[in-house]
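Below is one structure, written out as structure tokens; the observations come after it.
Sequential numbering from 1 along the given sequence is applied to the chain's residues. Keep in mind that the numbers below use all heavy atoms, side chains included, and drop hydrogens, waters and symmetry copies.
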Amino acid sequence: MRPLPVPAALAVVVLGGVGSAAQGVVNAELGERTGDPLLGAVVNNLGGSLLVLLGLVAVPSMRAGLAALRRARLPWWAYLGGLGGAAIVVIGPFVVPALGVAVFTIAQVAGGSLGGLGVDRAGLAATGRLPLTAPRVAGALVGIAAVALAQLGQPVGDLAIGLVLLSVGGGLAVAFQSALNGRLAAQVGPAAGLAVNFAVSTAAIAAVAALAGALADHPAWPAQWWLYVGGLFGVGIVLALLVGVRAAGVLRTGLALVAGQLGGALLLDVALPGGAGVRLPVLAGAALTGVAVLVAGGRRGTPVRVAAEPDPAPDGRLVG
């Protein structure tokens with residue numbers, strides 16, 4: 001399947017970002033009602049894995065994609081993209097209470113932007129190597145500034161440098177997740193890439209939850225059905241990232257996702273009972289993040305060349 005045109009792919013990613021904002025609300029509410037934030041992540045990934053299994057039963061192309069993995073000759077690390085998603089889900093519940101939402105979000109986006117520049121430059125994604133240019137660096141900086149603007153007025157906790165760096169590392173992990181999943185999807189199809197992502201991330205999150213004793217206290221599960229739809233959003237988000245990375249690279253895809261997240265947060269603030277209503281910093285941050293996506297796609301200075309997908313050598317190195 002050919003990549004979508006870049007504007008269409010980025011529009012899909014923005015919609016995925018809106019879904020990510022809704023997913024965050026659902027998972028946070030479930031974690032609060034059960035008494036452990038990790039349980040929201042566990043239910044989210046189990047739900048997504050269940051949807052993937054249903055897809056494998058119903059959609060022959062998904063099974064064909066998984067069968068093609070044996071012929072893809074990809075290195076072992078290409079299958080570990082799901083660990084990036086698991087990392088940020090696990091880091092968040094432990095870091096946010098100490099740093100506050102604002103610092104955590106800014107640090108995460110900073111890490112994601114730095115990671116996006118790095119993995120695009122290294123050629124880990126299916127777009128090939130994208131050189132560092134002034135517009136791409138400027139777009140990353142504008143994106144970080146946009147998120148900082150959107151977080152004005154949010155509570156700030158203790159600025160522990162170790163936790164800030166851990167949050168930056170979570171953003172880096174998400175960038176690697178997007179790159180590796182996109183590379184896998186380019187070889188065997190997005191459906192198979194989706195399946196591998198959820199298999200890896202669900203196993204990792206379940207292991208962390210078991211080690212943390214999240215299920216040991218036999219939590220009381222709420223009856224509201226909508227608290228269990230996080231996995232549906234998760235499937236849509238991962239698919240959107242697969243589409244975006246293949247067409248536009250990791251950096252611009254990450255910025256488009258943030259734009260959608262901020263826009264989705266604004267919509268939820270307006271639509272939900274007791275919501276904060278229209279918050280001008282979030283509105284301005286969403287608009288500025290959209291500008292960052294456009295700036296990062298500029299071609300001033302060193303041209304942005306999208307190389308053909310390099311074939312992996314038998315020993316797993318990239319060639320081309």
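Here Leu257 contributes atom CG and Leu15 contributes atom CG; the two are 11.0 Å apart, rounded to the nearest 0.5 Å. Residue Gln224 holds its CD atom at 4.0 Å from CZ of Arg33, rounded to the nearest 0.5 Å. The distance from atom CG of Leu69 to atom CG of Leu184, rounded to the nearest 0.5 Å, is 6.0 Å. Taking CG of Asn181 as the start and CG of Leu242 as the end, the distance is 5.5 Å to the nearest 0.5 Å. Atom CH2 of Trp226 sits about 15.0 Å away from atom CG of Leu232, to the nearest 0.5 Å. Between atom CG of residue Asn44 and atom CD of residue Gln23 there is a gap of 4.5 Å, rounded to the nearest 0.5 Å.
The local environment of CZ in Arg121 is sparse, with at most 12 non-hydrogen atoms from other residues, nucleotides or ligands closer than 6.0 Å.
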List the atom pairs, with distances to 0.1 Å, where a side-chain N or O of residues 98-115 and a protein N or O form a donor-acceptor pair under 3.5 Å, not counting sequence neighbours.
unit_1	atom_1	unit_2	atom_2	d
Thr105	OG1	Val101	O	2.7
Ser113	OG	Val109	O	3.0

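No donor-acceptor distance shorter than 3.5 angstrom exists from the side chain of Ser20 to the backbone of Gln261, with no hydrogens or angles considered. A distance-only check finds no donor-acceptor pair linking the side chain of Thr202 to the backbone of Ala199 [under 3.5 Å].
In the hydrophobic cluster analysis, where Ile, Leu, Val, Met, Phe, Trp and Tyr join through side-chain heavy atoms closer than 4.5 angstrom, Trp221 is grouped together with Trp225. Val14 and Leu266 are members of different hydrophobic clusters when ILVMFWY side chains are connected at heavy-atom separations under 4.5 Å. A continuous path of Ile, Leu, Val, Met, Phe, Trp and Tyr side chains, each step under 4.5 Å between heavy atoms, connects Leu251 with Leu132, placing both in one hydrophobic cluster. If you chain together hydrophobic residues whose side chains sit under 4.5 Å apart, Phe176 and Val196 fall into the same group. In the hydrophobic clustering of this structure, Leu66 groups with Phe198; members are Ile, Leu, Val, Met, Phe, Trp, Tyr whose side-chain heavy atoms approach within less than 4.5 Å, directly or through other members.
Among Leu288, Thr289, Leu294, the one residue that satisfies the side chain to side chain contact (heavy atoms under 4.5 Å, CB included) test with Val142 is Leu288.
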